[in-house]
Amino acid sequence: MRLWSLHPSQLDRRALVAGWREALLAQKVLAGGTRGYTHHPQLQRFRATDAPLAAIATYMHALADDADARGYSFDRSRVSRPADEGLRLSVTAGQLDYEWQHLRAKVETRDPEWFEAVVVTARPKPHPLFDVVPGDVEPWEVR
């Protein structure tokens, strides 16, 4: 499961679509709707909030907003609730950089055009739900 801390506009098509699928699964897990993936490390960031389902829904709405801007159509009816615009999560600078390098390595080979147009000249930006704080790669990250 890869729930990117990166801004959706920096994800290539495959990462954006995969992120949506993974977020749907995460939402189901957080709602108690499945017995699988319940201990997935990336879910820790959402479980650490007072409102895990609101956090994943807010995350998903930002993905859908970016998909809409690109002409894709993600089914928002599958998101359990509206976005909570006041909700904020933290991501460490180290985690954001780690994910940026991970994405760069994938996109450079699978979508060189996107890499040249978006990734090669950009700096990592956080997903709208996240505020960047100092720190290393998150302890839950599988390296």
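Relative ring orientation between His40 and Tyr37 is described as tilted, the plane-to-plane angle lying within the 30° to 60° band. Ring-plane geometry between His102 and Trp4 is classed as tilted, the angle between the planes lying from 30 to 60 degrees on a 0 to 90 degree scale.
Under the 4.5 Å side-chain heavy-atom criterion for Ile, Leu, Val, Met, Phe, Trp and Tyr, Val107 and Tyr98 are members of distinct hydrophobic clusters. Under the 4.5 Å side-chain contact rule for hydrophobic residues, Leu53 and Leu63 share a cluster. A continuous path of ILVMFWY side-chain contacts below 4.5 Å connects Tyr59 to Leu24, so both sit in one hydrophobic cluster. With hydrophobic clusters built from ILVMFWY side chains whose heavy atoms lie under 4.5 angstrom apart, Leu11 shares a cluster with Tyr72.
For the atom pair Ser90 OG and Arg45 CZ, the distance stands at 10.5 Å (nearest 0.5 Å). The distance from atom CZ of Phe74 to atom CZ of Arg21, rounded to the nearest 0.5 Å, is 9.0 Å. Atom NZ of Lys28 and atom CD1 of Ile56 lie 14.5 Å apart (nearest 0.5 Å). Note that the CG atom of Asp111 and the CZ atom of Arg14 stand 9.0 Å from one another [nearest 0.5 Å]. Atoms CG and OG1, from Leu89 and Thr58 in turn, are 8.5 Å apart once rounded to the nearest 0.5 Å.
Heavy-atom contacts from other residues, nucleotides or ligands closer than 6.0 Å to CZ of Arg88 number more than 12. The 12-atom threshold is exceeded at CG of Asp75, counting heavy atoms of other residues, nucleotides or ligands nearer than 6.0 Å.
Side-chain contact between His7 and Pro126: absent, with no pair of heavy atoms (C-beta onward) separated by less than 4.5 Å. His61 places none of its side-chain heavy atoms less than 4.5 Å from the side chain of Asp66. Using a 4.5 Å cut-off on side-chain heavy atoms (C-beta onward), Asp131 and Val91 make no contact. Annotation: side chain of Thr92 is not in contact with side chain of Val132 (no heavy-atom distance under 4.5 Å). A heavy-atom distance below 4.5 Å is found between the side chains of Arg104 and Phe115. In this structure, Leu6 and Leu103 have side chains that are in contact, with non-hydrogen atoms separated by less than 4.5 Å.
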TODO: Quick one: do Trp100 and Gln10 satisfy side-chain contact (heavy atoms from CB on, under 4.5 Å)? Show the steps, please.
DONE: CA-CA 9 Å; Trp100 184 243; Gln10 292 187 310; 3.6 Å; yes
Open item on the list: Could you go through Trp20 and Met60, starting from their C-alpha distance and side-chain angles, then the distance that decides it, and tell me whether this counts as side-chain contact (heavy atoms from CB on, under 4.5 Å)?
Closed with: CA-CA 7 Å; Trp20 178 256; Met60 293 172 74; 3.9 Å; yes
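Under 4.0 Å is where a charged nitrogen must lie from a carboxylate oxygen, and between Asp12 and Arg110 at least one such pair does. Note on Asp65 versus Arg76: salt bridge recorded, some NZ/NE/NH1/NH2 to OD/OE distance being below 4.0 Å.
Closest of all the heavy-atom pairs between Pro128 and Pro8 is CD-CD, 3.8 Å.
Using a 3.5 Å distance cut-off with no hydrogens or angles, the side chains of Ser9 and Arg70 do not pair a donor with an acceptor.
Of the residues listed (Gln95, Glu99, Lys125), the one engaging Ser5 in a side chain to side chain donor-acceptor pair (under 3.5 Å) is Glu99, and it is the only one.
Between the side chain of Gln42 and the main chain of Leu3, a donor-acceptor pair closer than 3.5 Å is present.
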